[in-house]
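Convention: sequence-line order gives letters A, B, ...; per-chain numbering from 1.
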Amino acid sequence: AQSVTQPDARVTVSEGASLQLRCKYSYSATPYLFWYVQYPRQGLQLLLKYYSGDPVVQGVNSFEAEFSKSNSSFHLQKASVHWSDSAVYFCALSRGGSNNRIFFGDGTQLVVKP
Amino acid sequence: EAAVTQSPRSKVAVTGGKVTLSCHQTNNHDYMYWYRQDTGHGLRLIHYSYVADSTEKGDIPDGYKASRPSQENFSLILELASLSQTAVYFCASSDPGQGNTEVFFGKGTRLTVV
């Protein structure tokens, strides 16, 4: 079975501070991993994805994430957050191949204080 | 740019009534999905389809039917709407056959059952 856990339901940071949103996954093989962002009353937009290779992947808007097979983690990071980064962030996992089921964590609400 | 369009964007339905949510994609993708999002939770898969005229059950199919009359269109049908089906519904598409497991989402339909 596969699953994604985001242990923090809500994270509050000050504008300009660094950010880490945590994601742990459970899957017997190496998964495809994603971070999506959801702004209010919008659908999910892809921030970044990891398929293989360099464990640090760069995404849009200066976000990056680091894959760790030993820790079964895929944490999202940003060096300096902006108030416009306030949104809900979802970590997701896919097994890839012809069966493209994607499994989501419950999301982390990010609040950036001015 | 890849596009997934949902209609309506919001709807109020009466308990016991029939509701149809529509989704249209211009991505030329084989796979389409219907997800449900409840407040404070991630997305749960209701139904999906990988070819026209065929649908598959996801994780929470009870109370829902799906229809895929063409590659571009995928509908979600609630024959007898219930209060517990109040949620935001997202349609999505992908094409893993192209080696890209990214999933593209519509903006969602907010359904309120009263």
Side-chain angles (χ1 to χ4, degrees), chain A residues 1-11 21 23-25 27 29-53 57 59-60 74 87-111, chain B residues 1-10 21 23-25 27 29-51 56-61 87-112:
Chain A
Q2 53 282 307
S3 65
V4 177
T5 302
Q6 295 180 246
D8 304 307
R10 183 182 173 100
V11 170
L21 301 182
C23 173
K24 299 275 285 185
Y25 71 87
Y27 184 51
T30 299
Y32 296 89
L33 293 163
F34 308 85
W35 275 99
Y36 283 86
V37 61
Q38 184 181 31
Y39 297 103
R41 303 189 71 82
Q42 297 289 318
L44 277 68
Q45 303 169 33
L46 184 69
L47 272 180
L48 48 79
K49 57 190 177 186
Y50 172 80
Y51 288 170
S52 64
V57 291
V60 300
F74 189 56
V88 180
Y89 292 78
F90 291 95
C91 183
L93 171 157
S94 169
R95 296 173 294 197
S98 59
N99 184 349
N100 195 29
R101 290 282 306 271
I102 187 165
F103 300 85
F104 289 89
D106 284 342
T108 297
Q109 171 96 48
L110 173 64
V111 176
Chain B
E1 183 175 315
V4 178
T5 305
Q6 295 182 230
S7 63
R9 290 294 313 280
S10 67
L21 307 183
C23 179
H24 178 82
Q25 55 110 349
N27 304 329
H29 286 167
D30 287 332
Y31 279 72
M32 295 187 75
Y33 313 82
W34 276 107
Y35 287 92
R36 167 180 173 150
Q37 184 180 36
D38 296 281
T39 303
H41 293 281
L43 279 70
R44 292 182 290 171
L45 183 64
I46 306 170
H47 286 287
Y48 65 102
S49 167
Y50 53 84
V51 67
E56 306 292 331
K57 293 180 179 180
D59 299 321
I60 54 165
V88 180
Y89 293 84
F90 288 97
C91 178
S93 75
S94 72
D95 197 348
Q98 297 178 7
N100 183 349
T101 61
E102 181 178 349
V103 179
F104 295 87
F105 287 86
K107 293 187 175 182
T109 296
R110 184 174 297 272
L111 175 65
T112 303

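- Of the two parts of Gln109(A), neither the backbone nor the side chain holds a non-hydrogen atom closer than 4.5 Å to a non-hydrogen atom of chain B.
- The CZ atom of Arg9(B) sits 7.0 Å away from atom CZ of Arg41(A), with the distance rounded to the nearest 0.5 Å.
- Within the 4.5 angstrom heavy-atom criterion, no atom of Gln6(B) approaches chain A.
- In this structure, CD1 in Ile102(A) is found 14.0 Å from OH in Tyr48(B), a value given to the nearest 0.5 Å.
- To the nearest 0.5 Å, atoms CD (Gln45(A)) and NZ (Lys107(B)) are separated by 8.5 Å.
- In terms of the side-chain contact (heavy atoms from CB on, under 4.5 Å) criterion, residue partners of Asp106(A) (sequence neighbours excluded) are, by chain and number, His41(B).
- Environment of OH in Tyr25(A): crowded, with over 12 heavy atoms of neighbouring residues, nucleotides or ligands closer than 6.0 Å.
- Within the 3.5 Å criterion, the main-chain N or O of Val103(B) finds a donor-acceptor partner in the side chain of Tyr36(A).
- Heavy atoms of Leu45(B) lying under 4.5 Å from chain A belong exclusively to its side chain.
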